[in-house]
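Below is one structure, written out as structure tokens, with a few remarks after it.
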Amino acid sequence: MKQLYIKKVWTDDAHIYAETDNGIRACYAFDQWERLRDASKQDRESYQLSFSGIHWNRLDEDLSFTGMFIDNGLLPSSPDETIVCYPGYNPFQTGSSQMASEPKEYKGK
């Protein structure tokens with residue numbers, strides 16, 4: 001199984017983006033999900049990164065990295081072949097250090 005590692009996640013007014021350490025970039029339009037479409041800019045920017053995806057606690061919304069890259073046509077449709085993950089995730093880290101209001105970057109593996 002191949003793994004791709006998320007290096008950076010960021011938003012603009014209409015999308016959330018994720019980029020791997022080898023430069024592959026995927027995005028989702030917020031208007032694909034009612035909760036994200038109707039959310040304030042502040043709520044959209046208040047996300048957390050987990051090992052496998054993006055979570056908006058206030059909005060109760062989750063997006064998986066692997067699904068994002070499959071939906072963008074950047075991976076085969078079988079997630080058994082490749083997974084996309086954020087290696088900077090630390091399940092024991094608390095507070096706002098894993099929250100992102102600025103682009104979140106991971107600087108190493």
Side-chain angles (χ1 to χ4, degrees):
M1 177 181 297
K2 180 179 175 183
Q3 285 188 321
L4 296 175
Y5 298 101
I6 294 296
K7 174 184 143 187
K8 182 177 178 181
V9 174
W10 71 99
T11 64
D12 64 18
D13 289 338
H15 300 87
I16 183 127
Y17 300 86
E19 185 176 319
T20 64
D21 59 352
N22 63 350
I24 301 171
R25 186 179 292 175
C27 72
Y28 271 141
F30 288 128
D31 65 8
Q32 291 180 274
W33 291 271
E34 184 179 348
R35 292 178 188 152
L36 292 170
R37 181 191 66 223
D38 298 341
S40 69
K41 180 176 178 157
Q42 181 181 9
D43 283 344
R44 288 179 183 168
E45 291 176 349
S46 295
Y47 57 86
Q48 293 177 301
L49 302 179
S50 70
F51 181 76
S52 61
I54 306 163
H55 176 69
W56 287 265
N57 193 43
R58 287 187 222 164
L59 303 173
D60 191 29
E61 189 69 69
D62 298 285
L63 301 177
S64 85
F65 293 126
T66 301
M68 186 178 196
F69 281 75
I70 289 171
D71 290 351
N72 276 248
L74 301 168
L75 292 178
S77 61
S78 172
D80 294 334
E81 296 175 23
T82 305
I83 63 165
V84 184
C85 59
Y86 177 64
Y89 173 68
N90 179 351
F92 303 106
Q93 193 172 8
T94 59
S96 62
S97 56
Q98 285 188 234
M99 295 291 287
S101 57
E102 294 293 320
K104 182 84 173 170
E105 284 195 59
Y106 179 66
K107 305 250 189 242
K109 285 187 193 171

Practice item. Would you please name every residue forming a ring-ring contact (aromatic ring centres under 6.0 Å, His included) with Tyr17, sequence neighbours left out? Key: Trp10, His15

Check your understanding: Shortest non-hydrogen contact from Phe30 to Asp12?
Key -> CE1-O, 3.5 Å

Review point. Roughly how far, to the nearest 0.5 Å, is CZ of Arg58 from OG of Ser46?
Key: 3.5 Å

Exercise for review: Taking atom types as modelled, find out whether Thr11 and Arg44 have a side-chain donor-acceptor pair closer than 3.5 angstrom.
Suggested key: no

Point to revise | Flag side-chain contact, heavy atom, 4.5 Å: Leu63 against Leu36 | key: yes

**Study point:** Heavy atoms from other residues, nucleotides or ligands near CD of Glu34 exceed 12 (cutoff 6.0 Å)
**Key:** no

Check your understanding: With side chains defined as the heavy atoms from C-beta onward, is the minimum distance between Leu75 and Phe65 less than 4.5 Å?
Key -> no

**Study point:** Side-chain heavy-atom pair Tyr86, Tyr5 within 4.5 angstrom cut-off
**Key:** no

**Study point:** SB check Arg25 Glu19 (cutoff 4.0 Å)
**Key:** yes

Practice item. For Tyr28, check ring-ring contact (aromatic ring centres under 6.0 Å, His included) against everything at least two apart and list the hits. Key: Trp33

Check your understanding: Are Ile16 and Val9 side-chain neighbours, meaning at least one heavy-atom pair lies under 4.5 Å?
Key -> yes

Practice item. Could you grab the distance from atom CG of Leu59 to atom OG of Ser40, nearest 0.5 Å is fine? Key: 7.5 Å

Check your understanding: Under a 4.5 Å cut-off applied to non-hydrogen side-chain atoms, are Leu4 and Asn22 in contact?
Key -> yes

Review point. Can you check whether Met68's main-chain N or O pairs, donor with acceptor, with Asn72's side chain at less than 3.5 Å?
Key: yes

Point to revise | Nearest-0.5 Å distance, NZ of residue Lys2 to OG1 of residue Thr82 | key: 5.5 Å

Check your understanding: Where do Pro87 and Cys85 come nearest, in terms of heavy atoms and distance?
Key -> CD-O, 3.4 Å

Review point. Which pair of heavy atoms, one from Asn57 and one from Gln48, lies closest together, and at what distance?
Key: CB-OE1, 4.4 Å

Review point. Is Thr20 reaching over with its side chain to a backbone N or O of Ile6, donor-acceptor style, under 3.5 angstrom?
Key: no

Revision key, fill the gap. Sorted by chain and residue number, the side chain to side chain contact (heavy atoms under 4.5 Å, CB included) partners of Asp31 (sequence neighbours excluded) come out as Ala29, Arg37

Exercise for review: Calculate, to the nearest 0.5 Å, the distance between atoms CD and CD1 belonging to Gln3 and Ile83 respectively.
Suggested key: 4.0 Å

